[in-house]
Amino acid sequence: MARGRFVSLEGGEGVGKSTQLAALAEALAGRGIAVHVTREPGGSPGAEAIRALLLEGEEGRWNPRAEALLFAAARSDHIERTIRPALDRGQWVLSDRFLDSSLAYQGAAGGLGIDRVRDLHRFGSDDFLPDRTLVLQLGDGEAAARARVRDGDAGDRIGSRPPAYHAAVEAGFREIAEREPQRVRLIDASGTAATVTARLLYALGDLLP
Ligand code: TYD
């Protein structure tokens, strides 16, 4: 049996990622692909326990390095317990966020640097990477407005960080896409949901059976 493909969906706050995740999963299933949908932080029992530590509580609960290590630890467990087994069964894995969130949030915006966070992934998960990473992008103003509508004033520990942090996240995603253009594709998230889903599918064209 052929090994499945691993696709991650990324983006800052308020870019319509949840809607697109569901639509993309449905579109792939419609092409006869068995899809396992998962998320980060989380996706395995251990990683879901770490998710609560990361997203709940005071903003200053973790120092930046501890936060990055917790994401890396959760990811190591998620890959070993959930992602690799599904790929080995021949399923496609579609993950709501993965490594590139750590590179953009903790690395670029959090000040640790993209390279040092990537080193954590080398240690934690042998640099295991998606076959393709799709990064939804909107103009900063539009995304922030959508996120406010969705969350009100009460985001989680990380989502509620200031606008400058989220602007640095966006810049981080753009830098990662420049560094790894084959794996990481920036997708325009403006327009109707159906238009955006079509863009995502197009960006997977060379992987589809
Ligand atoms: P979640 O509720 O899943 O939000 P979203 O709908 O935005 O995906 O919360 C995940 C939060 O954690 C989000 O603000 C992004 C952040 N995050 C990191 O900072 N680093 C990471 O490696 C991951 C996976 C997520």
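Order of appearance sets the numbers: ligands from 1, and atoms from 1 within every ligand. Not measured: the values here are computed from a predicted model.
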Atom pairs and distances, side-chain donor-acceptor, residues 80-88, under 3.5 Å, sequence neighbours left out:
residue	atom	partner	partner atom	Å
Thr82	OG1	Gly43	O	2.6

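Ring geometry for Phe98 against Phe6 counts as perpendicular: the plane angle is over 60°, on a 0 to 90° scale with 30° as the lower cut.
Here's the thing with Tyr105: none of its N/O atoms is less than 3.5 angstrom from an N/O atom of ligand 1. In terms of polar-atom proximity, defined here as any N/O pair under 3.5 Å, Glu13 does make such a contact with ligand 1. Among the atoms of Arg97, some N or O lies under 3.5 angstrom from an N or O of ligand 1.
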Step-by-step side-chain hydrogen bond (donor to acceptor under 3.5 Å, both in side chains) determination, Arg75 to Ser125: CA-CA 8 Å; Arg75 186 160 300 125; Ser125 301; over 6 Å; no
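Here ring-ring contact (aromatic ring centres under 6.0 Å, His included) pairs that include residues 180-209, with residues two or more places apart or in two chains, number zero.
Remark: the backbone N or O of His166 is not paired with any side-chain donor or acceptor of Arg161 at under 3.5 angstrom.
To the nearest 0.5 Å, atom CD of residue Gln20 and atom CG of residue Leu94 are 11.0 Å apart. Going from atom CD of Glu13 over to atom CD of Glu170 covers 9.0 Å, rounded to the nearest 0.5 Å.
Annotation for ligand 1: atoms under 4.0 Å from non-hydrogen atoms of Glu40 are 24 (C). Under a 4.0 Å criterion applied to the non-hydrogen atoms of Gly159, ligand 1 contributes the atoms 14 (O). Close contacts of ligand 1 with Asp156, meaning ligand atoms under 4.0 Å from a residue heavy atom, involve 2 (O), 9 (O), 14 (O). In the vicinity of Lys17, heavy-atom distances shorter than 4.0 Å reach the ligand 1 atoms 5 (P), 8 (O). In the vicinity of Arg51, heavy-atom distances shorter than 4.0 Å reach the ligand 1 atoms 1 (P), 2 (O), 3 (O).
For atom 18 (C) of ligand 1, the choice among Phe98, Phe71, Tyr165 with the nearest heavy atom turns out to be Phe71. Distances from atom 10 (C) of ligand 1 to the heavy atoms of Asp96, Ile158, Leu55, Val169 put Leu55 nearest.
Using a cut-off of 4.0 Å between Lys/Arg side-chain N and Asp/Glu carboxylate O, Glu56 and Arg61 are scored as not salt-bridged.
Close to ligand 1: Arg75, with a non-hydrogen atom less than 4.0 angstrom away.
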